[in-house]
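Contents: one structure, followed by commentary.
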Amino acid sequence: MLKNITHGTGPQSEWDYVIIIIGIIIVCLTLFYSVKFLVRPQEKDPDHIKNIVVNEGRLVNESDSYS
C-alpha cells in the first residue's frame, strides 16, 4: 500500500501497519488530553501551583494598570 510513497523499502509485513496505527492512536490521545487539560485543568484546590502562578500574573497586571 505505501510502497513507492515512502523513502526506503516501505512496510515489510502487516505488523508494520499495526505499529503505525498504534503510534497514531498514542499521538492523538496525547494531543487530545494535552489540549483538554490545558483548556480546563479541573483543579479546584486554592493552594495548587497553577493558582499561585495565575494569581501572581493578575497581581502584576493590576499593579501596571494603576500606574
Side-chain angles (χ1 to χ4, degrees):
M1 177 180 190
L2 294 176
K3 287 191 187 245
N4 299 326
I5 294 177
T6 63
H7 57 83
T9 59
Q12 300 297 313
S13 70
E14 298 300 318
W15 284 106
D16 292 340
Y17 293 110
V18 172
I19 293 169
I20 291 170
I21 291 171
I22 290 171
I24 290 170
I25 291 170
I26 290 171
V27 168
C28 290
L29 285 173
T30 304
L31 178 64
F32 171 75
Y33 283 109
S34 297
V35 171
K36 177 183 175 187
F37 290 123
L38 191 65
V39 172
R40 294 190 180 171
Q42 301 173 352
E43 182 59 54
K44 305 296 183 206
D45 183 19
D47 294 330
H48 191 267
I49 188 70
K50 168 193 66 115
N51 293 323
I52 295 170
V53 171
V54 169
N55 291 336
E56 283 182 5
R58 286 185 187 150
L59 291 175
V60 170
N61 291 336
E62 289 174 4
S63 66
D64 288 342
S65 64
Y66 293 120
S67 301

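Every value quoted in this text rests on a predicted model; they were computed, and no experiment measured them.
- Val39 belongs to a hydrophobic cluster whose remaining members, ordered by chain and number, are Leu31, Val35; membership requires side-chain heavy atoms of ILVMFWY residues under 4.5 Å apart, directly or through intermediates.
- Clustering ILVMFWY residues whenever any of their side-chain heavy atoms sit less than 4.5 angstrom apart, transitively, puts Ile25 in the very cluster that holds Tyr33.
- When the side chains of ILVMFWY residues are joined at heavy-atom separations under 4.5 Å, either directly or via intervening members, Leu29 and Leu38 end up in two distinct hydrophobic clusters.
- Residue Ile26 shares its hydrophobic cluster (ILVMFWY side chains chained together at separations under 4.5 Å) with Trp15, Val18, Ile22.
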